[in-house]
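Down below is the structure, laid out as structure tokens.
Any value given below was found using the heavy atoms of this structure, including those in side chains, with hydrogens, waters and symmetry copies removed.
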Amino acid sequence: MKRWITQIKSSPAVRKSAVIGLLILIGFAILAPVIANNQPLYCTYEGNHYFPVFGDYPASIFNEYEQPETFDWREVNLDYAIWPPIAYSPDFMDPYNRKYVSPLATQKLKNDEMPGRWRHYLGTDRIGRDTAAGLVHGMRISLLIALFSAFLAGFIGLIAGGLAGFYANRLVYVHLFTVLISIIGLLLWLYVSIMQPLYNNETPKTIQFIIGTLFGGGLLWFLNKVLLRRNQKVLTLAVNPDGIVMRIIEITNSVPKFLIILSIAAITAKSLTTVILIIGFTGWTEIARLFRAEVLKARESEFVEAANSIGLSQFRILIRHIAPNALGPASIAIAFAAASAILTESALSFLGIGVPEGVVTWGKMLQLGRANLEAWWLIIPPGIMILVSVFIFQNIARK
């Protein structure tokens with residue numbers, strides 16, 4: 001593990017300024033509930049001390065009104081309160097500043113002018129949601145999708161590219177039963193995850209158990225047989241991992257990736273997990289291709305010949321010696337995959353087929369801005385955030 005981390009740190013692709021920028025974005029994403037929230041960070045009420053952002057208190061403690069849905073923290077007579085820098089949550093609808101209130105316009109609290117501490121710094125949308133709060137919380141969703149989808153794409157790409165490069169021009173003997181159970185598990189997994197949501201959004205627990213057992217067990221068994229190269233001649237099938245991986249890459253790259261993502265997203269249930277899986281499973285090909293090329297180069301090195309001569313296992317040679325030396329270009333592709341994930345999620349949300357309703361993202365904010373092009377504060381700020389985040393990830397991958 002230390003060699004892998006050292007390889008990443010010593011790579012010229014990593015630039016300190018971009019890493020610092022990424023850490024700042026991650027910090028804002030983690031602290032989003034503290035930065036933008038319509039509840040006070042700390043308050044005193046009738047002599048008692050409360051931390052509404054960090055605790056779950058019944059609204060009846062502070063609610064001075066008969067209707068719970070009209071509860072507004074701004075109208076509670078608190079003895080003392082410390083508010084977040086942005087005193088609004090992304091889902092809070094301000095009844096007094098609806099219908100696209102500009103950040104430069106006069107804002108109201110009931111019939112009075114809005115005090116500065118509760119002002120909407122970047123205006124509101126049609127139903128009174130704060131734009132600045134949406135930017136902060138949208139950062140959390142965008143980074144979550146970018147990092148997890150890039151991790152998934154990198155995981156698949158490194159495994160596929162490593163096997164393809166290490167076993168190039170070699171045959172691997174696999175049990176026919178392993179192949180059959182892997183195919184059956186994959187088909188059942190595809191059926192439940194893609195076709196089932198067309199007419200039933202709830203997958204039975206029994207089917208989930210069968211899918212997990214067949215697909216997960218079959219895949220692990222297949223990888224075990226490939227990596228250990230148990231060349232048993234009884235009921236075995238000779239396969240070429242390099243040929244299989246390269247054919248899959250060619251087929252996947254022959255169709256525009258966004259068209260594949262758009263087609264799958266249109267027929268599956270809306271969720272963050274679905275978006276991450278779709279982007280991850282379609283973004284591994286470039287990572288695998290680059291990693292395969294580096295593994296091919298490293299496989300012919302003298303240190304690999306020395307490792308073979310002293311009897312090290314093929315799995316140990318691949319993981320401990322070849323992979324760390326071939327990780328540099330693949331790490332660049334993974335960073336580009338994260339940048340691409342942010343753009344893809346924004347495009348899906350802009351088209352209305354990305355994350356579920358109620359989840360604020362930069363793409364959804366752009367979609368709201370499309371309904372009223374005069375509301376520039378719904379277009380320019382999220383567009384700038386998308387541009388900055390993509391620039392940071394691409395700068396990390398820059399040589």
Side-chain angles (χ1 to χ4, degrees), residues 25-39 53 56 69 84 86-94 98 100 120 122-152 193 197 201-203 258 261-262 264-283 338-372 375 377-379 381-390 393:
L25 291 182
I26 293 176
F28 271 91
I30 294 175
L31 298 176
V34 178
I35 297 174
N37 205 308
N38 66 310
Q39 302 181 88
V53 169
D56 186 13
E69 58 271 13
I86 302 173
Y88 296 99
S89 298
D91 55 350
F92 177 78
M93 293 176 287
D94 189 349
R98 294 181 176 180
Y100 306 103
H120 298 280
L122 293 178
T124 63
D125 61 6
R126 182 178 61 85
I127 57 178
R129 290 178 298 191
D130 187 80
T131 304
L135 284 180
V136 175
H137 285 263
M139 185 183 305
R140 166 178 286 193
I141 302 300
S142 296
L143 288 180
L144 179 70
I145 292 175
L147 295 177
F148 276 90
S149 61
F151 173 80
L152 178 60
S193 61
N201 290 329
E202 297 183 359
T203 305
F258 188 74
I261 296 174
L262 197 63
I264 298 176
I267 63 175
T268 54
K270 291 183 178 180
S271 69
L272 289 178
T273 304
T274 302
V275 174
I276 292 172
L277 290 177
I278 291 173
I279 298 176
F281 276 110
T282 56
S340 177
I342 292 178
L343 292 175
T344 302
E345 182 277 323
S346 300
L348 291 177
S349 298
F350 181 77
L351 296 174
I353 57 175
V355 297
E357 297 296 331
V359 178
V360 179
T361 66
W362 295 334
K364 280 198 170 183
M365 296 179 70
L366 290 175
Q367 183 188 37
L368 295 174
R370 183 180 62 176
N372 184 7
W377 55 92
L378 293 176
I379 301 174
I384 292 176
M385 292 305 302
I386 293 173
L387 177 64
V388 169
S389 59
V390 171
F393 279 107

Problem set entry | Flag side-chain contact, heavy atom, 4.5 Å: Val360 against Ile141 | no

For this session: Work out which heavy atom in Leu144 is nearest to a heavy atom in Ile276; give both atom names and the distance.
Result: O-CD1, 4.3 Å

Exercise. Can you find a pair of side-chain heavy atoms, one from Glu345 and one from Ser349, that are under 4.5 Å apart?
Worked result: yes

For this session: State the CG-CG distance between Asp130 and Asp91, to the nearest 0.5 angstrom.
Result: 11.5 Å

For this session: For side chain to side chain contact (heavy atoms under 4.5 Å, CB included), just list the numbers for Leu143 and Phe393, CA-CA rounded to whole Å, side-chain angles, deciding distance to a tenth of an Å, and then say yes or no.
Result: CA-CA 11 Å; Leu143 288 180; Phe393 279 107; 4.1 Å; yes

For this session: Taking all non-hydrogen atoms of both residues into account, name the closest pair between Ala146 and Ala338 and its distance.
Result: CB-O, 3.6 Å

Exercise. Has the side chain of Trp362 got a donor or acceptor atom that lies under 3.5 Å from a matching backbone atom of Ser346?
Worked result: no

For this session: For Ser142 and Met139, indicate whether the former's side chain and the latter's backbone hold a donor-acceptor pair under 3.5 Å.
Result: no

Seminar exercise, completed: CG of Asp94 to CG of Asn38, rounded to nearest 0.5 Å, is 10.5 Å

Problem set entry | Residue pair Thr131 / Met365, side-chain heavy-atom distance below 4.5 Å | yes

Problem set entry | Value rounded to 0.5 Å, distance of CD1 in Ile342 from CG in Leu147 | 8.0 Å

Exercise. If you count the non-hydrogen atoms of other residues, nucleotides and ligands that lie under 6.0 Å from OH in Tyr100, is the total more than 12?
Worked result: yes

For this session: Mind listing the closest non-hydrogen atom pair of Val390 and Ala339 along with its distance?
Result: CG2-O, 3.8 Å

Exercise. How far apart are the closest heavy atoms of Ala133 and Pro90, and which atoms are they?
Worked result: CB-N, 3.9 Å

Problem set entry | Shortest non-hydrogen contact between Ala341 and Ile145, atoms and distance | CB-O, 4.4 Å

For this session: Please check if the side chain of Ser89 supplies one atom and the backbone of Phe92 the other of a donor-acceptor pair under 3.5 Å.
Result: no

Exercise. Got a second to check how far Ile86's CD1 is from Leu122's CG, nearest 0.5 Å?
Worked result: 7.5 Å

Seminar exercise, completed: Nearest heavy-atom contact between Gly383 and Leu366 is N-CD2, 4.2 Å

For this session: Please list, chain by chain and in numerical order, all residues satisfying side-chain contact (heavy atoms from CB on, under 4.5 Å) with Asp125, sequence neighbours excluded.
Result: Ile127, Arg129, Leu368, Leu378

Exercise. Do side-chain atoms of Thr124 reach the backbone of Arg98 as a donor and acceptor pair under 3.5 angstrom?
Worked result: no

Exercise. How long is the span from the CZ atom in Arg126 to the CE atom in Met93, to the nearest 0.5 Å?
Worked result: 10.5 Å

For this session: Starting at CG of Leu152, measure out to CD1 of Ile278 and round the result to the nearest 0.5 Å.
Result: 11.5 Å

For this session: Could you pull out all residues at least two apart from His120 that satisfy ring-ring contact (aromatic ring centres under 6.0 Å, His included)?
Result: Tyr88

Seminar exercise, completed: Residue pairs meeting salt bridge (Lys or Arg N to Asp or Glu O under 4.0 Å), one or both in residues 132-144, sequence neighbours left out, come to none

Exercise. Got Phe28 and Leu135 here, is their nearest side-chain heavy-atom distance under 4.5 Å?
Worked result: no

